[in-house]
There are 2 protein chains.
Amino acid sequence: MKILVIEDEKLLADSLKTLLESKGFQVEVAYDGETGAEYALLGIYDLLILDVMMPKLNGYQVARQVRAKRCTTSILMLTAKSAVEDRISGLNAGADYYLTKPFDTRELLACINALLRRQGKQVDELVFGNTALDLDTCTLVCGDKSVRLSAREFDVMRFMLQAQDRIVSKEMILARVWGYDSNAVENHVEVYVGFLRKKLKAIGSNVRIEAIRRLGYHLEVEQG
Amino acid sequence: MKILVIEDEKLLADSLKTLLESKGFQVEVAYDGETGAEYALLGIYDLLILDVMMPKLNGYQVARQVRAKRCTTSILMLTAKSAVEDRISGLNAGADYYLTKPFDTRELLACINALLRRQGKQVDELVFGNTALDLDTCTLVCGDKSVRLSAREFDVMRFMLQAQDRIVSKEMILARVWGYDSNAVENHVEVYVGFLRKKLKAIGSNVRIEAIRRLGYHLEVEQG
DNA sequence: GATACCTTATGAAAATTCTGGTGATCGAGG
DNA sequence: CCTCGATCACCAGAATTTTCATAAGGTATC
């Protein structure tokens, strides 16, 4: 689970980082809105924690910018402003939750869990067509047959399943699975899609990974 | 959009119903936790608004019961209890948002919008006539028929749909889709307009791409 | 050191995209 | 109303790009 904290108060930002890392999250920090928005748009985070009052771009602007680019990462807004109007602006700008400082750390963690749960990233299996991906055992299951996936295969498969009906580009898969700063190339994705197709067929799944030229891949249920 | 309100204070429940219906939602009300949980488990609602203090089953219990049955309807908890512990219990019981009474109606509506937005129920699409361009799957949809567009076809179609009623010149399309510095020629546009017309006809769309001599192209809805 | 996994490389295959040409259509001007 | 030039539609095949499948070399792990 990757979380991006966008917060200009260094003290708070760093204590957030420490808190969240102690709970097993991967955390990165941006200290102003502009770099925050830039990071966020990579689309590799599961959650943004976003302060409102910041230099360069404020939190509302960051949220709007992120949503305008059709980035669907969950946003938790965190701010000293407690007026109702501010909460409304935050939610309308695209935030998913609004918490006012000072906040209780247990409440923050409960919010984070609620948001991640809602993303369907905490369930123990992802289902598509007649096939399920068991997140505990990294196994593809179809009827009474099943096959274990390697770590990479699993990451790629999970990302595609989470995208649901949307088309996922190879860049997105690369950024998410290999990391945006790795030097992996698109052929890696192609090879792993090949592996996955083979394993899907082996268990008799009706799920097909369809290639869409220039755009990426797309999951489909085979009709027949 | 269907909303279920579970609230024992009849006055509040009914005013919520009125408010939400005035915003175009379909609303049903349950006046205690037991019947509320029963209704909720039908799985036909897009959102539950759930009071905590209620006879028979309280809000936490309802939420837990709903989640235990793997029902993923969004839950907005609404209560007079404002202690942090209560908010944490609510979120951990499976709620997606926690609002304390008395609440501002505009804030309530902003929350509801945020929750429904997160459900991704509204697909991203451009609509014209009886036809829609699904931006997630790059597909033209008309009734129950649909056809996938190639990357170029999609770019051209999107540009025209975004132009709405305006006439778009071939230069504009070239600049926008192929890039102002490419060496593509106007015939490219003509060819792709041809492709699009064929696909529009194939799905029975009433959208026509009309050529306007010397000026460019224009979308029209065929009258019949 | 055997096994599984990840990365890199390659050529074949497939689909999209581009090209040039031909015939159809339109509108202006006589 | 007819002619002519310009514009547009359409087609078939070429060129290019993208994807697939496979193999082989590295690396980590037990």
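Any value given below was found using the heavy atoms of this structure, including those in side chains, with hydrogens, waters and symmetry copies removed. In what follows, chains are A, B, ... by sequence order, proteins preceding strands, each numbered from 1.
- Side-chain contact annotation: D32(A) with T35(A), donor-acceptor N/O pair under 3.5 Å present.
- One finds no salt bridge joining K2(A) and D46(A) here, because no Lys/Arg side-chain nitrogen approaches an Asp/Glu carboxylate oxygen to under 4.0 Å.
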Atom pairs, protein N/O to nucleotides 28-30 of chain D N/O, distance under 3.5 Å:
none

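- One finds a side-chain N or O of R214(A) lying less than 4.0 angstrom from the OP1 or OP2 phosphate oxygen of dT17(C).
- Atom NZ in K199(B) sits about 9 Å away from atom P in dT17(C), given to the nearest Å.
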Q.
For a salt bridge (Lys or Arg N to Asp or Glu O under 4.0 Å) check, start with the C-alpha distance between E7(A) and K17(A), then their side-chain angles and the critical distance, and finish with the verdict.
A. CA-CA 11 Å; E7(A) 164 69 72; K17(A) 183 173 157 75; over 6 Å; no
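- Taking the side chain as every heavy atom from C-beta outward, V5(A) and E28(A) never approach each other to under 4.5 Å.
- Fit an axis to the five pairs at each end of the helix from dG1(C)-dC30(D) to dG30(C)-dC1(D) and the two axes sit 30° apart, to the nearest 10 degrees.
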Under 3.5 Å, side-chain donor or acceptor atoms of residues 57-66 of chain A against the rest of the protein: list the pairs with distances, not counting sequence neighbours.
from   : atom 1 : to     : atom 2 : distance (Å)
N58(A) : OD1    : Y60(A) : N      : 3.0
N58(A) : OD1    : Q61(A) : N      : 2.9
Y60(A) : OH     : D86(A) : O      : 3.3
Q61(A) : OE1    : N58(A) : N      : 2.9

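- At least one side-chain nitrogen or oxygen of H188(B) sits closer than 4.0 Å to the OP1 or OP2 atom of dT19(C).
- Residue-environment remark: NZ (K23(B)) stays at or below the threshold of 12 foreign heavy atoms within 6.0 Å.
- The distance between atom NZ of K198(A) and atom P of dC20(D), rounded to the nearest whole Å, is 13 Å.
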Check the interface with nucleotides 20-22 of chain C: list each N/O to N/O pair with the protein under 3.5 Å, or write none.
from    : atom 1 : to      : atom 2 : distance (Å)
dG20(C) : O6     : N187(B) : OD1    : 3.3

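- Applying the side-chain contact (heavy atoms from CB on, under 4.5 Å) criterion to A163(A), with sequence neighbours excluded, gives V168(A).
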Pair up each side-chain donor or acceptor in residues 178-189 of chain B with any protein partner under 3.5 Å, not counting sequence neighbours, and list the distances.
from    : atom 1 : to      : atom 2 : distance (Å)
S182(B) : OG     : G179(B) : O      : 3.4
S182(B) : OG     : A184(B) : N      : 3.2
N187(B) : ND2    : E190(B) : OE1    : 3.1

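- Distance, W178(B) CH2 to dT19(C) P: 11 Å, rounded to whole Å.
- DNA chain D is contacted by A211(B), I212(B) of residues 202-212 of chain B, taking any non-hydrogen atom closer than 4.0 Å.
- Contacts with DNA chain C (heavy atom under 4.0 Å) in residues 148-171 of chain B: S150(B), A151(B), R152(B), listed by number.
- Applying the salt bridge (Lys or Arg N to Asp or Glu O under 4.0 Å) test to pairs two or more places apart or on separate chains, those with a residue in residues 149-165 of chain B are E153(B)-K199(B), D155(B)-R158(B).
- A salt bridge does not link D96(A) to R117(A): none of the charged nitrogens lies less than 4.0 Å from a carboxylate oxygen.
- One atom, OH of Y192(A), and another, P of dA9(C), lie 15 Å apart when rounded to the nearest Å.
- Between L174(A) atom CG and dT7(C) atom P the separation is 10 Å, expressed in whole Å.
- Residues I3(B) and Q26(B) fail the side-chain proximity criterion, which asks for heavy atoms closer than 4.5 Å.
- Side-chain contact between C111(A) and L91(B): present, with at least one pair of heavy atoms (C-beta onward) separated by less than 4.5 Å.
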N/O donor to acceptor pairs below 3.5 angstrom from side-chain atoms of residues 139-149 of chain A, sequence neighbours left out:
from    : atom 1 : to      : atom 2 : distance (Å)
T139(A) : OG1    : T137(A) : O      : 2.9
T139(A) : OG1    : T137(A) : OG1    : 2.9
R148(A) : NH2    : T137(A) : O      : 2.7

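- Look at R176(A) and E171(A) and you find no salt bridge, because none of the NZ, NE, NH1 or NH2 atoms lies under 4.0 Å from a carboxylate O.
- The separation between F195(B) atom CZ and dT19(C) atom P is 13 Å, rounded to whole Å.
- Applying the side-chain contact (heavy atoms from CB on, under 4.5 Å) criterion to A211(A), with sequence neighbours excluded, gives Y217(A).
- Put simply, CZ on R197(A) is 10 Å from C1' on dA21(D), counting in whole angstrom units.
- Judged by atom type and distance alone, R213(A) reaches the base of dT18(D) through a side-chain donor-acceptor pair under 3.5 Å.
- Rounded to whole angstrom, the span from the CG atom of L196(B) across to the P atom of dC8(D) amounts to 16 Å.
- By the side-chain contact (heavy atoms from CB on, under 4.5 Å) test, Y39(B) pairs with L4(B), A30(B), Y45(B), sequence neighbours left out.
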